[in-house]
Student: 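Dropping a structure here in structure tokens format, bear with me for questions.
Both backbone and side-chain heavy atoms feed into the values below; hydrogens, waters and symmetry mates do not. Every chain is numbered from 1, with letters handed out A, B, ... down the list of sequences.
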Protein chains: 2
Amino acid sequence: MIDALRVLDGVMRLADLVQRDMAEPFAGTSLTMSRAALLWVLHSTGPSTQQALATALDVTPRNITGLVDGLEASGHVARAPHPIDRRATLVTLTDLGSEVMQQMVAQREHMADDLVAELTPAEREALSAGLEKLADRYETMLAAREGKGSP
Amino acid sequence: MIDALRVLDGVMRLADLVQRDMAEPFAGTSLTMSRAALLWVLHSTGPSTQQALATALDVTPRNITGLVDGLEASGHVARAPHPIDRRATLVTLTDLGSEVMQQMVAQREHMADDLVAELTPAEREALSAGLEKLADRYETMLAAREGKGSP
DNA sequence: TATTGTTATACTCTATAACTATA
DNA sequence: TATAGTTATAGAGTATAACAATA
């Protein structure tokens with residue numbers, strides 16, 4: 001099944017490129033990939049408790065404390081008291097944080113256009129569908145493994 | 001260009017899955033992703049100097065020192081004197097290291113088969129070709145950015 | 001003089017465990 | 001009693017800079 005390995009190689013190579021692509025833009029900035037991921041969640045879902053962030057990013061609450069500390073120091077987010085639960089804190093994007101996120105969204109769109117610039121509409125359609133199928137299958141496999149590995 | 005974003009989303013999602021897929025199997029082991037990546041280079045290219053490893057993995061020589069220290073302690077690799085250059089050390093896979101790599105290769109093949117199990121040969125072909133095109137394009141974009149960003 | 005690997009130092013991400021304040 | 005966040009502690013990955021041995 002040489003076919004299969006060729007597909008997997010393509011996926012791996014692409015995954016590697018994506019990773020390097022996402023790490024680079026922040027070089028020199030105070031933004032790291034983990035912190036940018038947190039900003040992305042805030043941008044997508046709005047002000048969130050640290051618990052919610054921990055769940056969304058699949059890390060421990062302690063880890064969120066550190067990330068929010070960093071982002072607060074750099075002025076990208078602010079901590080506010082939760083309106084009804086005095087144990088919790090609401091993390092919100094500051095103006096700077098919102099600006100940065102808008103830039104990231106724009107850059108992402110630009111990147112997406114660039115990426116498929118040389119593909120015909122039919123090719124894009126086929127690729128989109130194929131990627132989706134592959135990701136669905138992959139997700140199923142990972143879920144099955146988790147259920148088996150650590151029940 | 002909603003098309004473009006759909007393709008990029010598929011790529012991102014897949015990249016994320018790959019990352020989680022690669023991180024999980026080592027949980028509980030002394031093998032981490034970075035160390036496994038080093039083993040992979042050794043398996044692919046044979047005994048290497050630490051300089052060569054640093055270049056292959058795109059990290060600093062200092063970083064390699066740490067990774068090799070860990071892998072030496074866990075018995076996966078061994079340091080040997082370089083036959084002609086007495087400054088350098090040759091890092092080689094031990095028997096244990098080779099065994100682990102053979103398991104990883106087998107597991108990877110199995111995974112690849114699973115991943116494309118529900119695709120027709122034509123779909124596989126289309127997907128392989130599309131992924132390759134996308135990765136090539138991506139690589140070109142990253143190279144262009146590097147040339148412009150930090151000359 | 002240039003290269004190979006190491007020690008020294010520092011920062012980020014990550015985790016577990018114990019603790020405080022609130023529900 | 002359970003939950004939200006923090007302090008304490010620890011390990012891995014990563015980087016820069018200075019240094020020793022060798023080329």
Student: Tell me, for nucleotides 18-23 of chain D in 5' to 3' order, what letter each nucleotide earns: B for a base near a protein heavy atom under 4.0 Å, S for only sugar-phosphate near one, - for neither?
Tutor: ---BBS
Student: What pair of heavy atoms forms the shortest contact from Pro47(A) to Thr92(A), and how long is it?
Tutor: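 Closest pair (atom of Pro47(A), atom of Thr92(A), distance): CB-CG2, 3.5 Å.
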Student: Between His43(A) and Val105(A), is the side chain to side chain contact (heavy atoms under 4.5 Å, CB included) condition met? List the steps.
Tutor: CA-CA 10 Å; His43(A) 178 258; Val105(A) 168; 3.7 Å; yes
Student: How close or far is atom P of dT14(C) from atom CD of Gln50(A), stated in whole angstroms?
Tutor: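 For the pair Gln50(A) CD and dT14(C) P, the rounded distance is 15 Å.
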Student: If you count the non-hydrogen atoms of other residues, nucleotides and ligands that lie under 6.0 Å from NE2 in His110(A), is the total more than 12?
Tutor: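 Not buried by this count: 12 neighbours or fewer within 6.0 Å.
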Student: Could you go through the side chain to side chain contact (heavy atoms under 4.5 Å, CB included) check for Val116(A) and Leu127(A) one step at a time?
Tutor: CA-CA 10 Å; Val116(A) 301; Leu127(A) 202 49; 6.0 Å; no
Student: Give the rounded distance in Å between these two atoms: CG of Leu38(A) and P of dT12(C).
Tutor: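 Value for this atom pair: 15 Å.
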Student: Would Arg108(B) and Asp21(B) pass as an ion pair if we require N to O under 4.0 Å?
Tutor: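 Result for this pair is no, no salt bridge flagged.
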Student: Which pairs of donor and acceptor atoms, one on a side chain in residues 12-19 of chain B, lie under 3.5 Å apart (sequence neighbours left out)?
Tutor:
{"residue": "Arg13(B)", "atom": "NH1", "partner": "Asp136(A)", "partner atom": "OD1", "Å": "3.4"}
{"residue": "Arg13(B)", "atom": "NH2", "partner": "Asp136(A)", "partner atom": "OD1", "Å": "2.7"}
{"residue": "Arg13(B)", "atom": "NH2", "partner": "Glu139(A)", "partner atom": "OE1", "Å": "3.1"}

Student: I'd like to know if Arg79(A) and Glu72(A) make a salt bridge, using a cut-off of under 4.0 Å between side-chain N and carboxylate O.
Tutor: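 Between Glu72(A) and Arg79(A) there is a salt bridge, with a charged N closer than 4.0 Å to a carboxylate O.
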Student: Just how far, in rounded Å, is P of dC13(C) from CE of Met22(A)?
Tutor: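 The distance from CE of Met22(A) to P of dC13(C) comes to 13 Å, rounded to the nearest Å.
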Student: Could you tell me the separation between the CD1 atom of Ile64(A) and the P atom of dA4(D), rounded to a whole number of Å?
Tutor: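 Whole-Å distance recorded here is 13 Å.
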Student: Would you say Gln51(A) places a side-chain N or O within less than 4.0 Å of OP1 or OP2 belonging to dA4(D)?
Tutor: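 Yes.
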Student: So if I define the base as every atom that isn't primed, P, OP1 or OP2, how would nucleotides 7-17 of chain D read as a B/S/- string at a heavy-atom cutoff under 4.0 Å?
Tutor: BB---SSBBB-
Student: Over all heavy atoms of both residues, which pair between Arg137(B) and Ala117(A) is shortest? Give the atoms and the distance, please.
Tutor: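 Closest approach of Arg137(B) to Ala117(A): NH2-CB, 3.6 Å.
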Student: Taking atom C1' of dA15(C) as reference, at what distance in whole Å does atom CG of Leu57(A) sit?
Tutor: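 Taking CG of Leu57(A) and C1' of dA15(C), I get 15 Å after rounding.
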